[in-house]
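Below, each value reflects all heavy atoms present in this structure, side chains not excepted, and no hydrogens, waters or symmetry copies.
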Amino acid sequence: MPPKKTEDKKIGATLVVGGGIGGMQAALDLAASGIKVYLLDSKPSIGGVMAQLDKTFPTNDCAMCTMAPRLVEVGRHKDIEVITLADVESIKGTAGNFTLKIHKRPRFVDEEKCTGCGLCVANCPVHNIIYVTPEKDKIDISDEHAKIMNSIIKEYEDVEGPLVPILQRTNETFNYLPEPVLRYTADKLNMPLSVVCRIATFYKTFSLEPRGKHIISVCLGTACHVKGAGRVTSALEGELGIKRGETTKDMLFTIETVRCIGCCGLAPVLKVGENVHGLMSKTMVPELLHTYEKA
Ligand code: FES
């Protein structure tokens with residue numbers, strides 16, 4: 001066979017355009033075959049739409065749990081070079097031997113020095129404008145609540161990163177996170193209210209609405225879903241006359257849903273407060289509620 005012309009020769013580097021879940025997996029597969037990969041995305045980071053999702057259809061599994069291992073693997077792989085904030089400007093050559101011209105937009109931070117610590121976000125002079133206005137002095141909190149918060153904040157004064165444990169204790173104490181308390185906490189910790197709200201709204205365990213005395217957390221993870229958690233949830237909703245996420249008028253029960261509480265062998269499972277009830281069925285619901293009503 002005559003030797004191939006130079007322009008026909010295939011050389012080993014590939015470009016994957018789009019750093020979503022598909023792009024990341026393609027880059028990992030190519031890199032695993034020993035090929036150098038350039039993973040290009042027009043956004044400031046890879047992850048794509050999946051990074052913005054909470055749960056995925058049909059099992060309601062956590063999108064981040066599916067994506068995070070791939071993100072880490074792509075970031076660490078020696079043969080994958082991630083190029084973000086960039087677009088393909090032109091392409092020359094043929095399949096297997098081509099050259100691209102990439103236009104990379106400025107990021108306005110030194111990518112070599114950035115460690116992703118997030119401190120620049122917390123100290124952003126634009127967001128913090130709200131915090132330094134006179135509103136700061138108008139926190140409408142009762143003396144009793146201020147006293148409770150002072151003692152909670154004092155408990156964690158030597159802890160590094162005290163916000164999450166303070167919010168956990170506050171949530172336990174009030175059964176939810178009242179707005180004046182969040183403002184007071186931000187003020188006492190000398191941090192922007194936006195940072196406190198970001199944490200308070202991120203974790204499902206925190207509530208911004210008053211909740212009932214007994215919080216029923218029904219697991220809708222895969223194992224419980226398959227074993228009939230949906231029927232148990234419907235029975236609870238029917239008995240209490242509320243939907244998931246709501247609280248009964250007498251403030252006795254709140255129904256919440258969670259994803260896997262770690263005892264899949266007992267599926268379907270629900271928790272009332274910290275008490276775990278396994279192997280549930282819809283017929284067991286009235287008696288369970290009755291027990292807690294009496295308690
Ligand atoms: S899926 Fe319900 S406990 Fe694991």
*Sequence neighbours left out, what passes salt bridge (charged side-chain N to carboxylate O under 4.0 Å, His left out) with Glu287? Give chain and number order.*
none
*Members other than Ile261 in its cluster, when Ile, Leu, Val, Met, Phe, Trp, Tyr link by side-chain heavy atoms under 4.5 Å?*
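Val258, Leu266, Val269, Val276, Leu279, all in the cluster of Ile261.
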_Members sharing Phe108's hydrophobic cluster (side chains within less than 4.5 Å)_ =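 Cluster partners of Phe108: none, it stands alone.
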_Tyr292: ring pair (Phe, Tyr, Trp, His ring centres under 6.0 Å) partners, not counting sequence neighbours_ = His214, His277
*asked:* Test of understanding: with ring pair (Phe, Tyr, Trp, His ring centres under 6.0 Å), list the residues that count as partners of His290, not counting sequence neighbours.
replied: none
Considering only distance and modelled atom types, tabulate donor-acceptor pairs under 3.5 Å from the side chains of residues 219-242, sequence neighbours left out.
| from | atom 1 | to | atom 2 | distance (Å) |
| --- | --- | --- | --- | --- |
| Thr222 | OG1 | Asp61 | OD1 | 3.3 |
| Thr233 | OG1 | Ala229 | O | 2.7 |
| Ser234 | OG | Gly230 | O | 3.0 |
| Glu237 | OE2 | Arg244 | N | 3.0 |
| Glu237 | OE2 | Arg244 | NE | 3.2 |

Indicate every side-chain donor-acceptor pair of residues 26-36 with a distance under 3.5 Å to a residue at least two apart or in another chain.
| from | atom 1 | to | atom 2 | distance (Å) |
| --- | --- | --- | --- | --- |
| Asp29 | OD1 | Gln25 | NE2 | 3.1 |
| Ser33 | OG | Asp29 | O | 2.9 |
| Ser33 | OG | Leu30 | O | 3.4 |
| Lys36 | NZ | Glu81 | OE1 | 3.4 |

_ring pair (Phe, Tyr, Trp, His ring centres under 6.0 Å) pairs, two or more places apart, involving residues 154-179_ =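 Only His145-Phe174 qualify under ring pair (Phe, Tyr, Trp, His ring centres under 6.0 Å).
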_Suppose the criterion is side chain to side chain donor-acceptor pair (under 3.5 Å): which pairs have a residue in residues 159-171, not counting sequence neighbours?_
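For residues 159-171, and leaving out neighbouring residues, the side chain to side chain donor-acceptor pair (under 3.5 Å) pairs sorted by first residue read Glu155-Arg169.
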*Tell me, please, which residues at least two apart from Lys154 pass side chain to side chain contact (heavy atoms under 4.5 Å, CB included).*
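Lys154: side chain to side chain contact (heavy atoms under 4.5 Å, CB included) contacts with Glu157.
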*Output all residues satisfying side chain to side chain contact (heavy atoms under 4.5 Å, CB included) with Ala68, sequence neighbours left out; order by chain, then residue number.*
Met64
*asked:* By the salt bridge (Lys or Arg N to Asp or Glu O under 4.0 Å) test, which pairs, at least two apart or in different chains, include something from residues 69-80?
replied: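 Found none.
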